[in-house]
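Written below as C-alpha cells is the structure these notes are about.
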Protein chains: 2
Amino acid sequence: MAELDLPASEPFRSVGFTLSSLGYAVARGFTGALVPLEIEPRDFALLRALVASQGDSQQAIGERLGIPASRMVGFIDAHEARGLIERRQDPADRRVHALHLTDAGQELLARAFTIAVAYEQELCGDLSSPEREQLLELLQRVSLQLGLAPGLHAAQGSDEMAGE
Amino acid sequence: MAELDLPASEPFRSVGFTLSSLGYAVARGFTGALVPLEIEPRDFALLRALVASQGDSQQAIGERLGIPASRMVGFIDAHEARGLIERRQDPADRRVHALHLTDAGQELLARAFTIAVAYEQELCGDLSSPEREQLLELLQRVSLQLGLAPGLHAAQGSDEMAGE
DNA sequence: TATTGTTATACTCTATAACTATA
DNA sequence: TATAGTTATAGAGTATAACAATA
C-alpha cells in the first residue's frame with residue numbers, strides 16, 4: 001500500500017496488510033497451541049476476566065468482553081458444565097448470577113498461561129530483548145493512531161485471537 | 001505473556017496479544033474505509049488476484065485465494081452481477097470459465113488502491129520513514145518464526161482483513 | 001474415469017426480540 | 001416500569017457432498 005508502483009499484483013509491503021495477515025496467523029497459532037487444553041482464546045479471555053472481577057454479574061462480565069447478554073448464557077453454560085465456572089445467587093438481588101472461577105478453572109487458567117508464555121517466546125524467538133521492546137513500542141504507536149485503547153482486549157465473536 | 005508477575009488480570013504487554021488485537025482492528029478499519037466503494041477486503045483481494053492472472057479458471061483463482069470451489073460460484077456471481085468480472089468460455093475446454101476483469105472492475109480496483117494507500121498513511125502517520133521500515137522488518141521476522149510465507153495473503157472466509 | 005463448475009443440504013455462529021422472574 | 005437472565009427464532013456464512021456437462 002505504500003509504494004504503488006505495481007499495477008495491482010505482487011504482495012506489496014504495507015504495515016496494514018502485514019499486521020492484518022500476521023494478526024490472523026498469530027491468533028490461529030494460539031488457537032492451535034490451546035487445543036490440548038480443549039479451550040479457545042475466547043475461553044482464555046473469559047477465565048482471565050473472571051480472575052479480575054470475581055463475583056461480578058454475568059452481564060457485567062459480558063459487557064466488559066463485548067459479548068451480548070443472550071450469548072453469555074450458553075457461553076457460561078458450557079464452562080459451568082465443565083466445572084470451570086460457578087454461578088452463585090446474589091442474596092441481595094435474586095435476579096443476579098455472580099460468576100466465580102472454581103479451583104479447576106483456576107488450574108486450567110494457570111496452564112493456559114504457561115502455554116501463552118511459551119507461545120510468546122516462540123513468536124519472539126528471533127528477536128533480542130531490546131528489539132522486542134521496540135516492536136511493542138512501534139505497535140503501540142500504530143494502535144494509538146487507530147484510536148485503540150492500549151492493551152484492551154475482548155472475547156468477541158469475530159475471531160480476534162481466535163482462528164475460526 | 002512476557003512478564004508473568006500478574007496472577008492473571010491486567011492487560012499484559014505481549015507481542016502475540018498485541019499483534020492479534022491490532023491485526024483485527026486494522027482489518028476492521030480497512031473494511032470501514034472500503035464501505036464507500038461497497039466492497040470488502042475479500043473483494044479487493046479477488047480483484048487483485050484477477051489482475052495477476054487474467055484468464056485463469058475459476059477454480060485456479062479460488063485455490064490461490066484459499067476459497068473452495070463451491071464458494072467461488074456465488075462469490076463470482078456477485079461480482080459478475082455488478083459488472084466487475086466476466087466469465088468467458090474457454091474454446092479448448094468448455095468446462096472452464098476463464099475469469100477476466102471488466103473495465104469497471106479495473107476502475108473500482110484503482111479506487112480501492114487509492115483508499116488502501118490512504119489507510120496505510122493514516123496507520124503510519126505517527127511513524128518516521130525509517131521507523132516504518134524497521135517495523136516492517138521486525139514484523140517480517142516474527143512472520144518467519146510463524147512459518148508464514150512473507151507477503152502471502154488470501155481472501156479467506158474467516159476474516160483476515162475483513163471485520164465481520 | 002477424472003475434472004469444472006454448480007447445486008443442495010446441513011451445520012455453526014450470531015443477533016434480535018420476546019419472555020420470566022425479580023426489583 | 002426497569003433490569004438480569006433466559007429462550008426462540010431467524011439470518012448469515014460456510015463446508016460437504018451429490019450432480020451435470022465435458023474431457
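What you see below is based on every heavy atom in this structure, not just the backbone, and it leaves out hydrogens, waters and symmetry mates.
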Spacing of [X] atom [atom1] relative to [N] atom [atom2], expressed in whole Å:
| X | N | atom1 | atom2 | value |
| --- | --- | --- | --- | --- |
| B:D90 | C:dT3 | CG | P | 17 Å |
| A:R87 | D:dA4 | CZ | P | 15 Å |
| B:M72 | C:dT7 | CE | C1' | 16 Å |
| B:H97 | C:dT7 | NE2 | P | 10 Å |
| A:D56 | D:dG5 | CG | P | 10 Å |
| B:D43 | D:dG13 | CG | P | 11 Å |
| B:I67 | D:dG13 | CD1 | C1' | 13 Å |
| A:F75 | D:dT7 | CZ | P | 17 Å |

Under 4.0 Å: is that the gap between some side-chain N or O of B:Q59 and OP1 or OP2 of C:dT6?
no

Looking at C:dA15, I'd like to know if its phosphate oxygens (OP1 or OP2) sit under 4.0 Å from a side-chain N or O belonging to A:R71. yes

Item to check | Check: A:R141 side chain, B:D126 main-chain N or O, donor-acceptor pair, under 3.5 Å | outcome: yes

- Message: Any side-chain to backbone donor/acceptor pair from A:Q54 onto A:L101? Under 3.5 Å, distance only.
- Response: yes

Checklist line | B:E137 with B:R132: basic N within carboxylate O range, under 4.0 Å | finding: no

query = Should the pair B:R82-B:E38 be classified as a salt bridge under the 4.0 Å nitrogen-to-oxygen rule?
reply = no

Using a heavy-atom cut-off of 4.0 Å across all strands, would you classify A:A92 as base, sugar-phosphate, or nothing?
sugar-phosphate

(message) Categorize B:V96 for me: base, sugar-phosphate, or nothing, with a 4.0 angstrom heavy-atom threshold over every strand shown.
(response) sugar-phosphate

Could you pull out all donor-acceptor pairs under 3.5 Å where a side-chain atom in residues 104-113 of chain A meets a protein atom, sequence neighbours excluded?
none

request  = Ignoring hydrogens and angles, state whether a donor on the side chain of B:S53 or B:R64 is under 3.5 Å from an acceptor on the partner side chain.
outcome  = yes

Ranking C:dT14, C:dT16, D:dA15 by distance to the side chain of A:S70, first place goes to C:dT16

Please report the C-alpha distance between B:Q58 and B:R87 in whole Å, then the side-chain angles of each, then the deciding distance to 0.1 Å, and finally whether the side-chain hydrogen bond (donor to acceptor under 3.5 Å, both in side chains) criterion is met. CA-CA 9 Å; B:Q58 191 170 305; B:R87 276 189 250 236; 2.8 Å; yes

Anything under 3.5 Å between a protein N or O and an N or O of nucleotides 20-22 of chain D, put it in a table, one pair a line.
{"unit_1": "D:dT22", "atom_1": "O2", "unit_2": "B:R95", "atom_2": "NH1", "d": "3.4"}

